[in-house]
Amino acid sequence: QVPVVESGGGLVEAGGSLRLSCAASGNIMRISAMAWYRQAPGEQRELVAEITGGGSTTYSDSVKGRFTISRDDAKNTAYLQMNTVKHEDTAVYYCKANGIYRDDYYRPFESWGQGTQVTVSS
(Lines give C-alpha, C1' and ligand atoms only; values in the text may rest on other atoms or scores of the structure.)
Protein backbone atom coordinates (compact mmCIF):
# COMPACT_ATOMS: atom_id res chain seq x y z
CA GLN A 1 0.00 0.00 0.00
CA VAL A 2 1.70 3.16 1.25
CA PRO A 3 4.59 2.61 3.66
CA VAL A 4 5.23 5.32 6.24
CA VAL A 5 8.56 5.60 8.02
CA GLU A 6 9.39 7.85 10.97
CA SER A 7 12.86 9.01 11.92
CA GLY A 8 14.58 11.50 14.18
CA GLY A 9 13.75 10.13 17.59
CA GLY A 10 16.29 9.76 20.35
CA LEU A 11 17.41 11.00 23.73
CA VAL A 12 17.15 14.71 24.48
CA GLU A 13 17.55 16.75 27.63
CA ALA A 14 14.60 18.60 29.09
CA GLY A 15 14.37 22.03 27.53
CA GLY A 16 16.04 20.86 24.34
CA SER A 17 14.77 20.35 20.80
CA LEU A 18 14.24 17.47 18.42
CA ARG A 19 12.82 17.18 14.92
CA LEU A 20 10.93 14.12 13.76
CA SER A 21 10.36 13.22 10.12
CA CYS A 22 7.68 11.08 8.54
CA ALA A 23 8.05 9.96 4.93
CA ALA A 24 5.35 8.24 2.91
CA SER A 25 6.26 6.37 -0.25
CA GLY A 26 4.64 4.49 -3.10
CA ASN A 27 2.35 5.51 -5.93
CA ILE A 28 0.74 8.33 -4.01
CA MET A 29 -1.67 10.56 -5.85
CA ARG A 30 -2.49 12.86 -2.96
CA ILE A 31 -1.99 13.05 0.78
CA SER A 32 -4.94 14.70 2.48
CA ALA A 33 -3.62 14.77 6.02
CA MET A 34 -0.65 13.76 8.08
CA ALA A 35 -0.61 13.51 11.84
CA TRP A 36 1.63 12.67 14.75
CA TYR A 37 0.44 10.59 17.67
CA ARG A 38 2.30 9.41 20.73
CA GLN A 39 1.95 6.63 23.24
CA ALA A 40 3.67 6.56 26.60
CA PRO A 41 4.00 3.31 28.59
CA GLY A 42 0.69 2.31 30.11
CA GLU A 43 -1.13 5.12 28.32
CA GLN A 44 -3.43 5.29 25.33
CA ARG A 45 -2.22 6.62 22.02
CA GLU A 46 -3.03 10.31 21.74
CA LEU A 47 -3.07 12.85 18.94
CA VAL A 48 -0.20 15.32 19.14
CA ALA A 49 -0.59 17.34 15.95
CA GLU A 50 -2.24 17.15 12.55
CA ILE A 51 -1.84 19.05 9.29
CA THR A 52 -4.33 18.94 6.43
CA GLY A 53 -3.73 19.23 2.71
CA GLY A 54 -4.64 22.89 2.93
CA GLY A 55 -2.09 23.47 5.65
CA SER A 56 -4.48 23.80 8.57
CA THR A 57 -2.97 22.57 11.81
CA THR A 58 -4.32 21.17 15.06
CA TYR A 59 -2.37 20.62 18.27
CA SER A 60 -3.08 18.98 21.58
CA ASP A 61 -3.16 21.41 24.47
CA SER A 62 -0.12 19.75 26.01
CA VAL A 63 2.16 20.67 23.09
CA LYS A 64 0.59 23.88 21.81
CA GLY A 65 3.19 26.61 21.59
CA ARG A 66 6.10 24.16 21.82
CA PHE A 67 5.66 21.79 18.86
CA THR A 68 5.19 22.69 15.21
CA ILE A 69 3.97 20.37 12.48
CA SER A 70 4.80 21.05 8.85
CA ARG A 71 4.80 19.17 5.55
CA ASP A 72 6.68 19.06 2.27
CA ASP A 73 4.24 17.79 -0.36
CA ALA A 74 6.97 17.36 -2.96
CA LYS A 75 8.58 14.80 -0.67
CA ASN A 76 5.38 13.36 0.86
CA THR A 77 6.98 14.13 4.18
CA ALA A 78 5.77 15.66 7.42
CA TYR A 79 7.87 17.03 10.24
CA LEU A 80 7.35 17.60 13.93
CA GLN A 81 9.61 20.25 15.42
CA MET A 82 9.68 19.71 19.16
CA ASN A 83 10.99 22.60 21.24
CA THR A 84 11.28 23.06 25.00
CA VAL A 85 10.65 19.38 25.50
CA LYS A 86 9.53 18.08 28.87
CA HIS A 87 9.92 14.75 30.61
CA GLU A 88 6.24 14.05 29.97
CA ASP A 89 6.90 14.21 26.22
CA THR A 90 8.66 10.86 26.54
CA ALA A 91 6.79 8.38 24.35
CA VAL A 92 6.84 6.44 21.11
CA TYR A 93 5.80 8.84 18.36
CA TYR A 94 3.78 7.50 15.45
CA CYS A 95 2.98 9.10 12.13
CA LYS A 96 -0.27 8.57 10.26
CA ALA A 97 -0.92 9.52 6.65
CA ASN A 98 -4.24 9.59 4.81
CA GLY A 99 -4.76 10.07 1.13
CA ILE A 100 -5.21 8.46 -2.28
CA TYR A 101 -2.86 6.04 -3.99
CA ARG A 102 -3.07 4.22 -7.27
CA ASP A 103 -2.56 0.61 -8.24
CA ASP A 104 -5.08 -0.53 -10.84
CA TYR A 105 -7.51 1.96 -9.39
CA TYR A 106 -7.47 5.07 -7.26
CA ARG A 107 -7.87 3.93 -3.67
CA PRO A 108 -7.94 5.69 -0.30
CA PHE A 109 -5.29 4.78 2.23
CA GLU A 110 -4.55 5.25 5.90
CA SER A 111 -1.06 4.20 6.86
CA TRP A 112 0.78 4.16 10.17
CA GLY A 113 4.49 4.06 10.73
CA GLN A 114 6.28 1.75 13.16
CA GLY A 115 7.04 4.55 15.59
CA THR A 116 10.14 6.31 16.84
CA GLN A 117 11.12 6.55 20.49
CA VAL A 118 11.59 9.97 22.08
CA THR A 119 13.08 10.02 25.56
CA VAL A 120 13.45 13.24 27.52
CA SER A 121 15.92 13.18 30.37
CA SER A 122 15.37 15.37 33.40
Side-chain angles (χ1 to χ4, degrees):
Q1 236 199 24
V2 176
V4 171
V5 178
E6 304 99 335
S7 60
L11 178 65
V12 59
E13 289 187 355
S17 297
L18 206 60
R19 190 173 88 148
L20 307 183
S21 298
C22 166
S25 61
N27 199 7
I28 300 169
M29 304 309 296
R30 178 174 61 88
I31 294 181
S32 55
M34 299 186 82
W36 288 96
Y37 289 73
R38 68 186 181 188
Q39 187 167 20
E43 301 290 332
Q44 290 189 331
R45 191 173 296 189
E46 63 171 355
L47 176 67
V48 175
E50 181 176 42
I51 185 166
T52 68
S56 298
T57 57
T58 303
Y59 297 93
S60 68
D61 288 342
S62 61
V63 307
K64 202 172 294 182
R66 299 188 297 121
F67 291 9
T68 302
I69 189 170
S70 60
R71 59 190 281 174
D72 183 338
D73 289 338
K75 297 180 180 179
N76 292 324
T77 298
Y79 305 95
L80 185 69
Q81 178 66 43
M82 306 168 61
N83 296 329
T84 320
V85 296
K86 304 176 181 180
H87 179 70
E88 50 265 41
D89 294 323
T90 296
V92 178
Y93 284 71
Y94 297 91
C95 179
K96 184 184 75 168
N98 290 81
I100 304 292
Y101 78 105
R102 182 177 179 180
D103 48 21
D104 292 330
Y105 303 94
Y106 292 99
R107 303 180 190 275
F109 72 87
E110 178 176 289
S111 296
W112 289 85
Q114 293 298 307
T116 185
Q117 175 70 47
V118 172
T119 303
V120 181
S121 62
S122 302

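Everything numeric here is computed off the predicted structure, so don't read it as measured data.
Atom CD of E110 sits in a crowded spot, with more than 12 heavy atoms from other residues, nucleotides or ligands closer than 6.0 Å. No more than 12 heavy atoms of other residues, nucleotides or ligands sit less than 6.0 Å from atom CZ of R102. The local environment of CD in E88 is crowded, with over 12 non-hydrogen atoms from other residues, nucleotides or ligands closer than 6.0 Å.
Within the 3.5 Å criterion, the main-chain N or O of T116 finds no donor-acceptor partner in the side chain of E6. R45 places no side-chain N or O within donor-acceptor distance of the main-chain N or O of Y94, the cut-off being under 3.5 Å. Within the 3.5 Å criterion, the main-chain N or O of V120 finds a donor-acceptor partner in the side chain of T90.
At a threshold of 4.5 Å between side-chain heavy atoms, the hydrophobic network of Ile, Leu, Val, Met, Phe, Trp and Tyr places V92 and W112 in one connected group. Neither Y93 nor V5 shares a network with the other; the hydrophobic side chains, linked directly or stepwise wherever heavy atoms of I, L, V, M, F, W or Y lie under 4.5 Å apart, form separate groups for each. Tracing side-chain contacts under 4.5 Å through hydrophobic residues (I, L, V, M, F, W, Y), one reaches I69 starting from V12; they form part of the same cluster. Under the 4.5 Å side-chain heavy-atom criterion for grouping Ile, Leu, Val, Met, Phe, Trp and Tyr, L20 is connected to V48 within one hydrophobic cluster.
In this structure, S17 and N83 approach most closely via the heavy-atom pair OG-OD1, 3.0 Å. Summarising the geometry of G9 relative to V118, their closest heavy-atom pair is CA-CG2, 4.2 Å, with the distance given to 0.1 Å. For the residue pair T77 and K75, the shortest heavy atom distance occurs at OG1-O, 2.8 Å. The nearest pair of heavy atoms linking L18 to G10 is CD2-N, 4.0 Å. Heavy-atom minimum distance, A78 versus W36: O-CZ2, 4.1 Å. In plain terms, the two heavy atoms of V85 and F67 that are nearest each other are CG1-CE1, 4.4 Å.
Taking 4.5 Å as the limit, some side-chain heavy atom of V2 sits within range of a side-chain heavy atom of I28. The shortest side-chain heavy-atom distance between Y106 and N27 does not fall under the 4.5 Å cut-off. Using a 4.5 Å cut-off on side-chain heavy atoms (C-beta onward), N98 and P108 make no contact.
Ionic pairing of D61 and K64 is present here: one or more N-O contacts between side-chain nitrogen and carboxylate oxygen are shorter than 4.0 angstrom.
No donor-acceptor contact under 3.5 angstrom links the side chains of S60 and R38, judged on distance only.
We find the OG-CD distance between S21 and Q81 to be 9.5 Å, quoted to the nearest 0.5 Å. The OH atom of Y59 lies 8.0 Å from the CG atom of L80; values are rounded to the nearest 0.5 Å. Between atom CD of residue Q117 and atom CD of residue Q39 there is a gap of 11.0 Å, rounded to the nearest 0.5 Å. From R30, atom CZ reaches atom CZ of F109 across 9.0 Å, with rounding to the nearest 0.5 Å.
Of the listed residues (T68, I51, T52), just one forms a side-chain contact (heavy atoms from CB on, under 4.5 Å) with T57, and that residue is I51.
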Next item on the list: Please report the C-alpha distance between V4 and C22 in whole Å, then the side-chain angles of each, then the deciding distance to 0.1 Å, and finally whether the side-chain contact (heavy atoms from CB on, under 4.5 Å) criterion is met.
Entry: CA-CA 7 Å; V4 171; C22 166; 3.4 Å; yes

